[in-house]
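Whatever order the structure lists them in is the order used to number ligands and atoms, beginning at 1. Residue numbers start at 1 and run along the sequence shown.
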Amino acid sequence: MSIIALLPAAGSGSRMGAAMPKQYLPLCGKTVMEHTVAALHAVPEIDLVAVVVSPDDTRWGELDWGGFDRLKVLRCGGDSRAASVCNGLEALRAEGFDAQSWVLVHDAARPCVSPDLVSGMIAALKDDPVGGILAVPVADTLKAADASQRIAATRPRDGLWQAQTPQMFRLQPLHDALVSGMGPDITDEASAIEKTGQSPKLIHGSPWNLKVTYPQDLHLASLILASASHDKD
Ligand SMILES: Nc1ccn([C@@H]2O[C@H](COP(=O)(O)OP(=O)(O)OP(=O)(O)O)[C@@H](O)[C@H]2O)c(=O)n1
Ligand SMILES: C[C@](O)(CO)[C@H](O)COP(=O)(O)O
């Protein structure tokens with residue numbers, strides 16, 4: 001049974017406010033995307049890294065992917081992250097990948113993920129009946145804001161985790177959950193699986209595994225990639 005990393009990389013990066021989609025922004029001498037692909041490609045258990053880009057993406061072809069022998073680009077990005085993932089899963093099935101293949105969906109915008117952490121996740125979940133996600137327990141006090149951005153309430157944080165990626169599920173069950181649950185409330189793969197009544201496993205992630213969303217995140221990512229501590233999750 002294959003283990004496939006599926007990287008949604010068809011977003012526009014509006015919150016970054018850059019001249020190009022954030023996955024193509026420069027980071028420590030390469031693009032954000034190249035760091036992410038390299039990290040997943042370095043996981044020995046992963047048989048294929050499949051990257052979902054927009055059908056009209058012109059930047060992918062300008063990069064040199066010659067050093068990666070288990071990499072495939074899928075030009076089927078959709079109008080939401082969930083749609084891009086769903087389209088990517090359909091493309092993998094059309095390529096003949098088994099319906100029960102494990103798929104690790106990982107944001108192309110998370111370039112600092114540790115290959116060792118991903119290997120540990122695969123070991124922890126490969127016999128799980130549902131699958132699971134990398135996540136970190138909430139460490140800050142949570143506040144709800146009112147319309148004038150004043151504190152309306154403090155929310156209990158006990159038992160709360162912040163979801164990261166990869167999120168690891170079987171190919172066809174994940175596709176079917178996304179199709180049946182598709183909507184604005186589905187912001188990750190686990191939420192679609194939860195809608196089917198299943199409870200994915202939480203696997204400890206890392207604060208280094210940040211999602212590059214805003215301009216300051218790019219600076220943080222460069223510090224993480226440049227630091228030795230990046231390897232000690
Ligand atoms: N239609 C979309 C939207 C997002 N993504 C991908 O999903 C990941 C996480 O999404 P996000 O951080 O929200 O990226 P963007 O949608 O590009 O950012 P923004 O919401 O700021 O526009 C990114 O790797 C992004 O490229 C995608 O493949 N297809
Ligand atoms: C999938 C995710 O990274 C888990 O935290 C997050 O939901 C993606 O959100 P985005 O708004 O699509 O970046």
* Numbered atoms and elements of ligand 1 in range of Ser84, under 4.0 angstrom, heavy atoms -> 1 (N), 2 (C), 27 (C), 28 (O), 29 (N)
* Asked: How about Ser191 and Glu194: does a side-chain donor come under 3.5 Å of a side-chain acceptor?
  -> no
* Look only at interatomic distance and state if Thr213 has a nitrogen or oxygen under 3.5 Å from any nitrogen or oxygen of ligand 1. => no
* Asked: Quick one: does Glu189 get a heavy atom under 4.0 Å from ligand 2?
  -> no
* Structure fact -> Within the 4.0 Å heavy-atom cut-off, what Lys211 brings close to ligand 2 is side chain
* **For atom 6 (C) of ligand 2, the protein heavy atom that lies nearest, with its residue and separation** => Thr187 O, 3.7 Å
* **atom 5 (O) of ligand 2 - nearest protein heavy atom and its distance** => Ala163 O, 2.8 Å
* What atoms in ligand 1 come closer than 4.0 Å to a heavy atom of Ala109? -> 24 (O)
* ligand 1 to Val52 polar contact by distance, N or O atoms, under 3.5 Å -> no
* Structure fact -> In this structure, atom 2 (C) of ligand 2 is nearest to the protein heavy atom Asp107 OD2, 3.8 Å
* Structure fact -> Quick note on ligand 2: atoms under 4.0 Å from a heavy atom of Asp188 include exactly 1 (C)
* To do: Give yes or no for whether the N/O distance cutoff of 3.5 Å, strictly under, is met between Ala9 and ligand 1.
  => yes
* Asked: If you measure every N/O of Val212 against every N/O of ligand 1, is any gap under 3.5 Å?
  -> no
* Report the nearest protein non-hydrogen atom to atom 12 (O) of ligand 2: residue, atom name, distance rounded to 0.1 Å. => Arg81 CD, 3.6 Å
* Which residue supplies the protein heavy atom nearest to atom 11 (O) of ligand 2, what is that atom called, and how far is it? -> Arg15 NH2, 2.9 Å
* To do: Pick, from Lys22, Gln23, Arg81, Arg110, the option with the minimum heavy-atom distance to atom 12 (O) of ligand 1.
  => Lys22
